[in-house]
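Have a look at the structure below, then the notes.
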There are 4 protein chains.
Amino acid sequence: MSFIEQARRNQIVACAIETIAELGYAQASLAQIGQRANISKGVITYHFASKEELMQAVVDDVFSRFATFVAARVMDDKPWEMLQTLLQANADFLKAHRTQLLTLFEIAHNAHDLALHGHNRELDVERITKLLTDGQQQGVFRNFDVQVMASSIVALRDNLIAQSAKNANLDVDHYCQEIITLVNQAIRRSS
Amino acid sequence: MSFIEQARRNQIVACAIETIAELGYAQASLAQIGQRANISKGVITYHFASKEELMQAVVDDVFSRFATFVAARVMDDKPWEMLQTLLQANADFLKAHRTQLLTLFEIAHNAHDLALHGHNRELDVERITKLLTDGQQQGVFRNFDVQVMASSIVALRDNLIAQSAKNANLDVDHYCQEIITLVNQAIRRSS
Amino acid sequence: MSFIEQARRNQIVACAIETIAELGYAQASLAQIGQRANISKGVITYHFASKEELMQAVVDDVFSRFATFVAARVMDDKPWEMLQTLLQANADFLKAHRTQLLTLFEIAHNAHDLALHGHNRELDVERITKLLTDGQQQGVFRNFDVQVMASSIVALRDNLIAQSAKNANLDVDHYCQEIITLVNQAIRRSS
Amino acid sequence: MSFIEQARRNQIVACAIETIAELGYAQASLAQIGQRANISKGVITYHFASKEELMQAVVDDVFSRFATFVAARVMDDKPWEMLQTLLQANADFLKAHRTQLLTLFEIAHNAHDLALHGHNRELDVERITKLLTDGQQQGVFRNFDVQVMASSIVALRDNLIAQSAKNANLDVDHYCQEIITLVNQAIRRSS
DNA sequence: GATGAATGAGATTTCATTCAT
DNA sequence: TATGAATGAAATCTCATTCAT
């Protein structure tokens, strides 16, 4: 793929993100996206075989940024510390790139058959499952179903994003702190 | 409204629920819904002034069933006991009427401007907020932001429904028990 | 036709007149008309074989009232006096039954193939043609094409109605006086 | 707007004019218009955002042609001469472009809320009002209500068009001459 | 006589996709 | 590589008309 080709794709993806965040998935037609990018509708279908492929590209793009951002902040450490850092990194990404996350969730909720999305969330769940298992083995976490707990923690993270979607002025850090405390209470071995 | 009229509306609402649960909100056209009901498109627009009105009827129908079901099971009690019963009642409704709940959430995620839905979730959050405040005042719950905690508890409930959507064979009772324990740990005053 | 049958037809026709005057021909659906009459749509098609027949009934009804009203006021007299009285009678009907005339013209302009309407206007033109011919023979009117003049006089009358449609507060009598003078100047033999 | 784009719009407008003149406004659906143009419905909505926009384009197109045609023939002159020339120019346009005028009037009578039309007729009335006022001030016209007279003259012009609509073989020039004489008699100061 | 219910044709509109240039 | 143009399917909605009760 040429440099120009890649640049065009990036531009289109960026405009798609803006459009979806602003209008919602259902209203984000190729015409609307093209308009925001100041390019014709045809360009989009030239660079992407179908609208679905564009949406997939959007999901991949945002998710990889998200994953990179988080990975850069979560160093190997003790399970709880890593989990805490992970949640804070999620909140930090939300503060810095709210639009991107809103779009990611908008697509996730609307496009049921998009290949990667379910997988993306699963990656988060798997990673946290592993952390929780480690913590249990090290005796710092109480006994619980790690799958359910991991899914629940991701759900709490997702709810933070959803609340931010509804209220742009949400105090994300406060919310995150509350969730961290909540999770800490929920998983630590009772003294 | 005549008996027959009401029966037709109920039938159409029921078919809409089936269709949305099966195809997703975006694919649930009036034609699809009518096809499942073995009636022509026109019948739907005869009984409902617009598609939006039908969707609102669906939301109202499911939510009122849901609320009635839960209300019948949650008696006045101590805060924690009520919260526990509430979560279990939610799980019980999910086991009995999975399709209805999936549809409710499908609509909620897709139809941004449907009047009642946001309100519906808010009702749950408000109710739980009140329970949590009571528990804190009685000294059985630790100190936390009741708004964030209530929203989080509803998110955990929603996640149970979402997981059931993805996996029809999910062990709902086990999942619910885990959540109940999770919440209990998260909110009780540490000993 | 039974008395009740006739009464029902009259009621429906009256409601159709109201509806067309208020909403315009294109928006005057059977449902709208029925709603104003507090009857079901079915009643209309029970009493009228088709919508077209209803519209024809409306035209006939209004036109016959109009004609009767005018006939009662225009007595045999000299041509100019009759013509003057005729125009004033038209204005008087407009003042008394503006809604009916607006509906008559609304239908006339929109329903091209309604049998009687063209005929109705033709009746007016014919009558005036006769008056003008008489006046010419009596030497009180100058020489002109009586067909064109008659059509033009009816057009001036129609324009009065059209202006009244646009402006409910139009001074109909003043307008009528101006037209009468206009026509008088136009047709009288120059001294 | 590209040349091809403009050509297509012109073609569609032309077909719309034909269709409306032939079938009447109410029957002139996008499908019918497209059929006459040998293009699919979609092409029309590609070039015009809505049917209303197309109708506006039709009105604008015809009216601007009409106005240009008339303006080219009416030079600054004495009031009566200008008025006479104006009426003749109207008749000449009718002879040359009957279909266009029929369409203009068909739309005017049916589409109550189309922006420009009312304005168009008003322009004619205003212009003639000015001429009449001038003539009165110069003492060549008798005393009359210039608003009513201007509206009436336009009504006579419109009636000529309406009669031509009903009878394609109407002798337009004769009709026009009769109207000119009629108006002359009606407005000139009696000797 | 009356009516609610149902129907199906047809209208406008949106939109992803295809294609010629 | 890019784009305007075209297409056709599908969506919602309106409405005159038919029909069973």
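Below, chain A is the first sequence line, B the second, and so on; all start at residue 1.
Here the side chains of D:V62 and D:F105 are not in contact, with every heavy-atom distance at 4.5 Å or above. Contact annotation: the side chain of C:R98 approaches that of C:L102 to within less than 4.5 Å [non-hydrogen atoms, C-beta and beyond].
Remark on DNA chain F: of its neighbouring residues C:G42 and D:I39, the 5'-side contact belongs to D:I39, judged by nearest-heavy-atom nucleotide. For the pair B:K41 and B:I44, nearest-nucleotide mapping onto DNA chain E gives the more 5' position to B:I44.
In this structure, B:I12 atom CD1 and E:dA6 atom P are separated by 7 Å, rounded to whole Å. To the nearest angstrom, P of E:dC15 lies 15 Å from CG of A:L54. The interatomic distance linking A:E53 (CD) with E:dT17 (P) rounds to 10 Å, in whole Å. Whole-Å rounding puts the D:Y25 OH to E:dA11 C1' distance at 12 Å. Per the geometry, CZ belonging to A:F48 stands 15 Å off C1' belonging to F:dA2, to the nearest Å. C:Q35 places its CD atom 11 Å from the P atom of F:dC15, with the value rounded to the nearest Å. Rounded to whole Å, atom C1' of F:dA9 lies 16 Å from atom CG of D:L30. D:F3 has its CZ atom 16 Å from the P atom of E:dT21, to the nearest Å.
Listed nucleotides: E:dA2, E:dA6, E:dT12. Nearest to the side chain of C:V43: E:dA2. Considering only side-chain atoms of C:Q27, the nucleotide from F:dA11, F:dT17, F:dC15 that sits closest is F:dC15. Listed nucleotides: E:dA5, E:dG10, E:dT13. Nearest to the side chain of B:I4: E:dA5. The nucleotide whose nearest atom lies closest to any side-chain atom of B:S40 is, among E:dT13, E:dG8, F:dT17, E:dG8. Closest to the side chain of D:E5, out of F:dC15, F:dT12, F:dA5, is F:dA5. Here F:dA6 is the nucleotide among E:dT18, F:dA6, F:dT12 with the atom lying nearest to any side-chain atom of D:R8. You'll find that the side chain of D:H47 is closest to F:dA6, out of F:dA6, E:dA5, F:dT3. Between F:dT12, E:dT17, E:dT12, one nucleotide has an atom nearer to the side chain of B:K51 than all others, and that is F:dT12. Comparing F:dC15, E:dA6, F:dA6 by their closest approach to the side chain of D:Y46 singles out F:dA6.
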Evaluate side chain to side chain donor-acceptor pair (under 3.5 Å) for B:R8 paired with B:Q11, printing each intermediate quantity in order. CA-CA 5 Å; B:R8 255 296 190 235; B:Q11 181 202 5; 2.4 Å; yes
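Put simply, B:T45 has no side-chain N or O that comes within less than 4.0 Å of OP1 or OP2 on E:dG8.
Without hydrogens or angle criteria, A:N110 side chain to A:E106 main chain gives a donor-acceptor distance under 3.5 Å.
For the side chain to side chain contact (heavy atoms under 4.5 Å, CB included) test with D:H47, the passing option among D:T45, D:V43, D:I44 is D:V43; the others fail.
As the counterpart of F:dA5, E:dT18 is assigned, both hydrogen-bonding distances of the Watson-Crick or G-U wobble pattern falling under 3.5 Å.
Heavy atoms from other residues, nucleotides or ligands lying under 6.0 Å from CD of B:E53 number more than 12.
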